[in-house]
Amino acid sequence: MKNLKKILAIVLAAVFVFALAACGSKEEAQSLTIEEGKLIMATNATFPPYEYYDGDDIIGIDAEIAKLIADKLGLELEIEDVEFDSIIPGVQSNKYDIGMAGMTVTDERKEMVSFSDSYAKGVQVVIVKEDSAIASIDDLEGKKIGVQQATTGDIYASDDYGEENVTKYANGNLAVEGLKSGKVDCVIIDNEPAKAYVAANEGLKILDTAYAEEDYAISLNKSNTDLQKKVNDALKELIADGSVQKIIDKYISAK
Ligand code: ARG
């Protein structure tokens, strides 16, 4: 009987130590900035209506949804504007708590980061000059294609039409400049930014045929399952109470 008590005490102590260790490692996964009450979001603010500048402020669908999520988590949102292809590495190294940039969920990216539930849909489309000979995506073979570096537009175009035919620009604006000046014959990019670029520039149009359909989600560090759960819970509430749709409608005129 005495022995049994001893064994029980040892087992309990071991369980306690294990539990402590588990807590410790969880703490490590949590970023320091969150402990300081901040939620750091990395984005690439050349992507209207999801993220773009209004004076010195970054506004747009992602910025507004992120603000509501941060509010629900009791954190102060801080947005960092970085190159699109440094968002995922920065989330992996815990430099940023979340990446939110009209970012498409892909299997390759899922190997590097985890994603929240999806909050919006995107479609890859093709922008051409109004008088272009390119009438549909069937005409893209051998054409010069402009894309934003490391986006799904880049990945698909490089796979389908060959890296040698794809010019990679730092952002969508520059790709559109390349199209206007005749350096490329078309630009493959997400539909909503495409509409915004076409509205802001004379003589461009979007082909009717969509290239690929995608889901946008928030990227998170794989080990930060706690934050992923909190973000998903917040997102669920914001979708259920219509807040997300309200923000999307504000930036994308419902037709
Ligand atoms: N949806 C595309 C992707 O995930 C393009 C996103 C570009 N976003 C941006 N903020 N520049 O690859």
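Order of listing sets the numbers, starting from 1, for every ligand and every atom in it. FYI, side chains are in, hydrogens and waters are out, and symmetry mates aren't considered; it's all heavy atoms of this structure.
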(message) With salt bridge (charged side-chain N to carboxylate O under 4.0 Å, His left out) as the rule and sequence neighbours excluded, what pairs involving residues 142-170 come up?
(response)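 Only D154-K168, E163-K168 qualify under salt bridge (charged side-chain N to carboxylate O under 4.0 Å, His left out).
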Numbering as shown, the atoms of ligand 1 that approach [X] to under 4.0 Å (heavy-atom distance):
X: A101; result: 6 (C), 7 (C), 8 (N), 9 (C), 10 (N)
X: Q148; result: 7 (C), 11 (N)
X: N44; result: 9 (C), 10 (N), 11 (N)
X: D190; result: 1 (N), 2 (C), 5 (C)
X: E214; result: 1 (N)

(request) Have a look at I40 and tell me which of I79, D97, N94, V91 forms a side-chain contact (heavy atoms from CB on, under 4.5 Å) with it. (result)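 In the set I79, D97, N94, V91, the residue that makes a side-chain contact (heavy atoms from CB on, under 4.5 Å) with I40 is D97.
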(message) Applying the side-chain contact (heavy atoms from CB on, under 4.5 Å) criterion to M41, which one of M100, E80, E78 satisfies it?
(response)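 That would be M100; it is the only one of M100, E80, E78 passing the side-chain contact (heavy atoms from CB on, under 4.5 Å) with M41.
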Using a 3.5 Å cut-off and no angle test, enumerate the donor-acceptor pairs between side-chain atoms of residues 69-77 and protein atoms at least two apart in sequence or in another chain.
residue	atom	partner	partner atom	Å
D71	OD1	K67	NZ	2.9
D71	OD2	K67	NZ	3.3
K72	NZ	E237	OE1	2.9

(request) Would you confirm whether the ring centroid of F47 sits within less than 6.0 angstrom of the ring centroid of F84? (result)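 They do not qualify: ring centres at least 6.0 Å apart.
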Hey, does [X] come in under 3.5 Å of ligand 1, counting only N/O atoms on both sides?
X: F47; value: no
X: Y216; value: no
X: E51; value: yes

(message) Heavy-atom contact check, 4.0 Å cutoff: does G122 meet ligand 1?
(response)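 The answer is no, since G122 has no heavy atom less than 4.0 Å from ligand 1.
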(message) Taking side chain to side chain donor-acceptor pair (under 3.5 Å) as the criterion, tell me which of E214, E108, R109 meets it with T152.
(response)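 Testing T152 for a side chain to side chain donor-acceptor pair (under 3.5 Å) against E214, E108, R109 leaves exactly one candidate, E214.
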(request) Please confirm whether the backbone N or O of V125 pairs with a side-chain atom of N191, one donor and one acceptor, at under 3.5 Å? (result)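 Pair absent, no side-chain N/O of N191 close to backbone of V125.
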(request) Using a 4.0 Å heavy-atom cut-off, say whether E192 meets ligand 1 through its side chain, its backbone, both or neither. (result)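 E192 to ligand 1: no contact under 4.0 Å from either part.
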